[in-house]
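The next block holds one structure in the form of structure tokens; read it before the comments.
Since this is a predicted model, take the numbers as computed values, not measurements.
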Amino acid sequence: MGRAPAPGAATPPLLIACALGIEQLALRSGDRGGAPGPVTVLRTGMGPERARTAVSRALGERRRWDAAVIASGFCAGLAPGMHPGDLVVADETRGPDGTTACTGPDLLVKALVRAVPGRSVHIGPLSGSDHVVRGPERAALRGMGAIAVDMESAATLRTARAAGAFGEGPGARPVAAVRVVVDAPEHELVRIGTVRGGISAFRVLRAVLPAFYEWHRSLLLPRR
């Protein structure tokens, strides 16, 4: 699954992309120990176009050309029974430009269970949107199998896969999406951070970094 660096080569970096300042604050204030290589928490701004622009620019820099990429932050849960603070691991992201398969989602699920004990972790398709999705639109996405929706993950991963000379297949750039549910069908929130659900989601997002590092470390292991 991993791309072992050549002998003497620097460890490939990890780029964690999020949209909002509050998401960046949570990710930057989490546990920074244990990272196997350089880590950047990039604030892209809201929406798919800003995500595409920011991620493309970041990966165009020489020091990040071979970075693994994780899209993270908050999302809207679509499945009944989801609660604020639940975690979503995408096995694929879906957007208008197509579907992007994620790298090692099962490993991320196991790592998150260890990093954030007691929190539910859901795995499945993560849909992208260019606007906040509510009501009937959420039901329609759920009817197509998606378990959550956000505005940046699909654009982030699609852009990351297209950047550089990695291509698809075994040598593709490792990409993943991990989101924290901030509202769900039975728990819709109006403003992040002003109610208990938003605070709960913020605390969970602060706790995910060790799982990200474990995923990143696994990519550096020799192929079996």
Side-chain angles (χ1 to χ4, degrees), residues 1 16-20 23 44 46-52 55 68-113 115-116 119-162 168-170 172-189 192 197 200-201 204-205 208 211-212 215 218:
M1 179 177 67
I16 303 171
C18 60
L20 304 176
E23 296 168 335
T44 65
M46 286 184 65
E49 287 302 324
R50 289 180 177 175
R52 290 187 191 98
V55 171
V69 175
I70 297 178
S72 195
F74 302 128
C75 71
L78 301 176
M82 281 185 166
H83 296 85
D86 284 5
L87 285 148
V88 171
V89 175
D91 57 9
E92 64 179 29
T93 56
R94 301 173 177 177
D97 297 331
T99 298
T100 303
C102 297
T103 308
D106 292 336
L107 187 151
L108 265 171
V109 169
K110 293 175 183 177
L112 287 165
V113 168
V116 196
R119 289 290 178 178
S120 296
V121 183
H122 310 267
I123 184 171
L126 177 61
S127 281
S129 175
D130 61 1
H131 59 278
V132 175
V133 176
R134 297 193 181 280
E137 281 188 281
R138 289 193 183 190
L141 290 172
R142 177 59 182 164
M144 292 185 286
I147 64 169
V149 59
D150 74 85
M151 290 194 287
E152 297 82 26
S153 291
T156 293
L157 269 54
R158 197 74 175 173
T159 300
R161 275 284 169 82
E168 297 295 331
R173 183 191 301 276
V175 296
V178 176
R179 293 277 172 170
V180 181
V181 174
V182 74
D183 66 346
E186 295 89 357
H187 303 272
E188 285 201 10
L189 305 182
I192 294 173
S200 174
V204 172
L205 193 59
V208 299
F212 291 2
W215 175 83
S218 76

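In this structure, the separation between CG on L157 and CZ on R173 is 10.5 Å, given to the nearest 0.5 Å. Annotation: the span from S129 atom OG to L141 atom CG amounts to 7.5 Å, rounded to 0.5 Å. The OG1 atom of T156 sits 11.5 Å away from atom CE of M151, with the distance rounded to the nearest 0.5 Å. Separation of atoms NE2 (H83) and CG (D183) is listed at 13.0 Å; rounding is to 0.5 Å. With rounding to the nearest 0.5 Å, the separation of NE2 in H122 from CG in L78 is 11.0 Å. Annotation: the span from D91 atom CG to T99 atom OG1 amounts to 10.0 Å, rounded to 0.5 Å.
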Table please: side-chain donor-acceptor pairs of residues 142-150 below 3.5 Å, with sequence neighbours left out.
residue : atom : partner : partner atom : Å
R142    : NH1  : A146    : O            : 3.4
D150    : OD1  : E152    : N            : 2.7
D150    : OD1  : S153    : N            : 2.8
D150    : OD1  : S153    : OG           : 3.3
D150    : OD1  : R179    : NH2          : 3.4
D150    : OD2  : S153    : OG           : 2.9

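Residues I70 and W215 have side chains in contact (heavy-atom distance under 4.5 Å, counting atoms from C-beta outward). For the pair V181/C75, a side-chain contact is recorded, criterion being any heavy-atom separation below 4.5 Å from C-beta on.
Each of D106, L112, L107 was checked for a side chain to side chain contact (heavy atoms under 4.5 Å, CB included) with V89, and the lone residue meeting it is L112. Under the side chain to side chain contact (heavy atoms under 4.5 Å, CB included) test applied with V121, the options D86, V109, V116 reduce to a single match, V109.
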When you look at E23 and V182, which way does the side chain to side chain contact (heavy atoms under 4.5 Å, CB included) test go after all the steps?
CA-CA 11 Å; E23 296 168 335; V182 74; over 6 Å; no
Start with the C-alpha distance between S200 and R119, add both sets of side-chain angles, then the distance that settles side-chain hydrogen bond (donor to acceptor under 3.5 Å, both in side chains), and finish with yes or no.
CA-CA 11 Å; S200 174; R119 289 290 178 178; 3.0 Å; yes
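Side-chain atoms of R94 never come within 3.5 Å of backbone atoms of G128 as a donor-acceptor pair (strictly under, hydrogens ignored). In this structure, T103 contributes its side chain and V175 its backbone to a donor-acceptor pair below 3.5 Å. Counting only distance, with no hydrogens or angles, the side chain of R158 and the backbone of D97 share a donor-acceptor pair below 3.5 Å.
Considering all non-hydrogen atoms of both residues, R138 and A76 come closest at NH2-CB, 3.6 Å. Here the shortest heavy-atom pairing between M46 and R50 reads O-CD, 3.1 Å. Nearest heavy-atom pair, A51 versus T44, reported as atom, atom and distance to 0.1 Å: CA-CB, 3.8 Å. Residues L126 and A177 approach most closely at CD2-CB, 3.9 Å, considering heavy atoms.
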